Asks: 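Shown below is the structure under consideration.
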Amino acid sequence: MDNTLNEAQREAVETLSGPLLVLAGAGTGKTRVVTYRIAHLIQHRVRPERILAVTFTNKAAREMQERAMALLGRRKRSAAKPEISTFHSLCVRILRRHIDRLGYPRDFAIYDRAEQEAVARTVLREIQAPTAFLRPSDLVSLISRWKSAGLRPPEAIAQARTDREHLAASAYRRYQKALQAAGAVDFDDLLLCTEELFARFAEVLQVEADRFDHILIDEYQDTNAVQYRIVRALALPHRNLAVVGDDDQSIYAWRGAQVEHILRFQQDWPEAKVIRLQMNYRSTQEILRWANRLISFNRHRHPKELISERSGPPPRILQFPDEEEEAAGVVGEIKARLTAGAQPKNFAILCRTNEQHRPFEQQLRKAKIPYVVVGGMSFFDRKEVRDLLAYWRVLVRPEDDQALLRILNRPPRGIGPATAEALVNASIQQRMPVWEVLQSERRPPGLPQAAVEGLDQFCQLIQEFRHRVQQEPLVETLRQMVERIGYRKEIEHTYPDPQEQESRWAAVEELINAASHYAQRTQQPNLSEFLQELTLTGPDQEEEDLLGRNAVVLMTLHSAKGLEFSEVYLVGMEEGLLPHKKSIGENEAGIEEERRLCYVGMTRAKDQLTLTLALSRHKWGKPRPTIPSRFLYEAIGKADSPNYQAVKKGQTPTSRPTREPKKK
DNA sequence: CCCTGCGCTTTTTTT
DNA sequence: AAGCGCAGGG
């Protein structure tokens, strides 16, 4: 197998022990090295289950699993498999074994962003914070920032400077209490709790660290402080830690990722072997010329130039009057290429924000071109999905107030806002979960008759299915519960449009399907594990859909990391969008991250790269003139033009960045 | 309690 | 443009 690797790659694959740092540019075969290395280790008598590989997304994990097994051939494919997963999935598995030591139940719920915001909203209401001063979403962002830096409420309170930060820090403390009372953790807690377990309980760390002899980490540049400490703790006993990354592709600083980890690696692991990969096998030299030129404007980086042996057409810049025309233009081109025999899966449309998707989706649908939208979390944003998940979470743990309050009166059963508030007050007063004060013997007095009946009905429903879900087959029970709730009728009632009813109901069925997939591949299916898995990985229908289908891919630059396409359209190349408005400002670090984002987008292209911009773009219903992105000038080598200085100041340039200067 | 309609605010990326 | 909170009538 090794003759398909170049010399540097082979060295990275075949170094069997000790710390290893692979600094690898875009398209130089990073992931390939990790995959081959896993196969190589197994061939050299490392037991598969003693290998841990950490990837950035679940999709990457699945692909790596498949490819590594394929490399081994039939002979070596045994029942034992290496553990390949994301940090978050890894931590869930660890927590399921030990989290009770931290005072959480083993069947804890995992709250996603929307649930975090709901908790934040109630916390802010409790401390009577003016919503204009600190919105729930702001609070969640702040908490997440603190958590990914490893700060707990006391530390956050200690380091708060402004009034806003003080308020947020004390809200953080209450937020954490609320989560714990509900038996829930958020995404950041998964990491934080794991780290705490390791730090406080030596025997837990020992048990977990003993499971592996080799650890590999892909996309190491996006590791945050907490993740790093977890890895370090796991790898210290054997020191067989191989990390692979590229400082130019660090695009998650806002989530706590620190490029410094990759620079500090050699200090923490002094005997580490360092290997550099610079030969790019993905893109043509013409594409790399633009990408190299662009990224050279970043000052905080290891200087390096990617080299390619392939040649192709030069990248292009296309302009359109507005975002509708931009979408129509790009889709029109793709359509023409398809007619000429190209495959839909060769094309990707990459944008900075999710909101840019819409016009492209419309045009693709109109042109009858198959497409998939990756990411956007649209599945969990659906009301019906959230409702059902809340029902199921209540079955697992009725103490989950957040979930309980969501479904208490959905579909309507006579329990209005007044009743709900009375229940919440009673629960605060009696220091009990809402579920407890729902029981007839503890209910607050004076509730309307309709509400009392509704509550009785609700309690009976939950109790019955709580029992049944433990005794009877999982999927059938869940299906019957949906039936019993009358959810289909609720959908038909809420949405008059039959087509919409259809698509809403389809989401419900997808959820049931996900449960049946889960039940099939698991020996002892259990609802809490299913829910934990689902919130981390999404329904696995995605797998067949996105990987298997021959479709144009529409996604954000962040989701595009690690992927490649023959032809890439990088759309919305405008100031305010890329670089994004939020990062333009006082510090250069923000701009540098946006530049890396642009670089990641460009280097996804194998054969043809097209950058597009709209001269005017609608914002909140009104058209607004735009300014071409400074990155266009940098990429084509026109950063000496006065127009470049102008766009950096937010002024309209006198001419557009359309051509590359002649070579000397 | 339930439903409808009006006005107000909204500004990134994701496991 | 769209989603949310709120007021007012059934």
Side-chain angles (χ1 to χ4, degrees), chain A residues 54-61 85-92 110-114 116-117 121 131-132 135-138 140-141 144 147-148 185-192 219 222-224 226-227 250-257 323 350-359 374-378 380-381 383 409-420 447-454 493-494 496 532-538 555-561 572 576-585 590 593-594 596-598 600-601 617-624:
Chain A
V54 181
T55 57
F56 203 74
T57 63
N58 290 290
K59 186 170 159 243
S85 69
T86 61
F87 273 111
H88 290 83
S89 299
L90 171 72
C91 289
V92 168
I110 304 170
Y111 278 11
D112 70 10
R113 177 83 193 196
Q116 292 181 24
E117 285 187 17
R121 190 168 296 119
T131 47
R135 284 167 308 178
S137 60
D138 299 334
V140 172
S141 304
S144 176
K147 286 188 177 179
S148 56
V185 299
D186 61 26
F187 282 123
D188 302 304
D189 285 337
L190 292 174
L191 305 170
L192 224 46
E219 308 285 8
D222 288 317
T223 304
N224 72 27
V226 183
Q227 289 166 332
S250 164
I251 53 175
Y252 283 94
W254 52 274
R255 223 169 70 180
E323 73 270 22
L350 307 182
C351 30
R352 175 69 237 268
T353 67
N354 283 306
E355 109 195 297
Q356 289 169 259
H357 288 164
R358 219 174 306 163
V374 177
M377 284 303 283
S378 53
F380 290 107
D381 288 342
K383 281 196 181 63
N409 198 34
R410 189 128 72 220
R413 24 174 105 80
I415 310 169
T419 305
L447 296 178
Q449 186 55 32
V452 170
E453 278 165 29
H493 178 239
T494 320
Q532 290 174 352
E533 221 174 84
L534 192 67
T535 43
L536 284 186
T537 61
M555 63 185 162
T556 63
L557 290 166
H558 284 87
S559 321
K561 187 172 78 160
L577 219 40
L578 187 67
H580 196 273
K581 203 174 186 172
K582 283 250 167 176
S583 354
I584 303 177
E593 176 144 324
E594 296 287 313
R596 289 192 292 269
L597 207 41
C598 185
V600 166
R617 190 172 286 275
H618 288 260
K619 195 91 191 174
W620 311 314
K622 290 214 172 85
R624 250 204 54 190

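The chains referred to below are lettered A, B, ... by the order of the sequence lines, with proteins before strands, and numbering in each begins at 1. The shown structure was predicted, so the numbers you read here are calculated from the model rather than taken from an experiment.
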Asks: State which of B:dT12, B:dT15, B:dT11 makes the closest approach to the side chain of A:T57.
Replies: B:dT15

Asks: With a 4.0 Å limit, can you tell me whether A:R135 has a side-chain N or O closer than that to the phosphate oxygens OP1/OP2 of B:dT11?
Replies: yes

Asks: If you restrict it to nitrogen or oxygen atoms, what contacts under 3.5 Å exist between nucleotides 2-4 of chain B and the protein, and what is each distance?
Replies:
| residue | atom | partner | partner atom | Å |
| --- | --- | --- | --- | --- |
| B:dC2 | OP1 | A:G414 | N | 3.4 |
| B:dC2 | OP2 | A:N409 | ND2 | 3.3 |

Asks: Of the options B:dT13, B:dT11, B:dC1, whose atoms approach the side-chain atoms of A:P448 most closely?
Replies: B:dC1

Asks: Go through B:dT14, B:dT15, B:dT12 for me and flag the one nearest to the A:T86 side chain.
Replies: B:dT15

Asks: Under the side chain to side chain contact (heavy atoms under 4.5 Å, CB included) test, which residues partner A:S137, sequence neighbours left out?
Replies: A:R113, A:E117, A:R135

Asks: To the nearest angstrom, how far is A:L557 atom CG from B:dT12 atom P?
Replies: 15 Å

Asks: Could you check which of B:dC1, B:dT12, B:dT14 has an atom nearest any side-chain atom of A:T353?
Replies: B:dT12

Asks: Does either side chain, that of A:S148 or that of A:D188, offer a donor lying less than 3.5 Å from an acceptor on the other one?
Replies: no

Asks: So, is A:S89 near the phosphate of B:dT15, with a side-chain N or O under 4.0 Å from OP1 or OP2?
Replies: no

Asks: Give a yes or no on whether a donor-acceptor pair under 3.5 Å exists between the nucleobase atoms of B:dT13, that is its base, and the side chain of A:R255.
Replies: no

Asks: Would you mind classifying the nucleic acid contact of A:A451 as base, sugar-phosphate or nothing, using non-hydrogen atoms under 4.0 angstrom?
Replies: nothing

Asks: So does A:S559 get a side-chain nitrogen or oxygen closer than 4.0 Å to the phosphate oxygens (OP1/OP2) of B:dT14?
Replies: yes

Asks: Among B:dT12, B:dC1, B:dT14, which nucleotide sits nearest the side chain of A:W254?
Replies: B:dT14

Asks: Just checking A:F87: base, sugar-phosphate only, or nothing, at a heavy-atom cut-off of under 4.0 Å?
Replies: nothing

Asks: Should the ring pair A:H88 and A:F187 be called parallel, tilted or perpendicular, given that the plane angle runs from 0 to 90° and is split at 30 and 60?
Replies: perpendicular

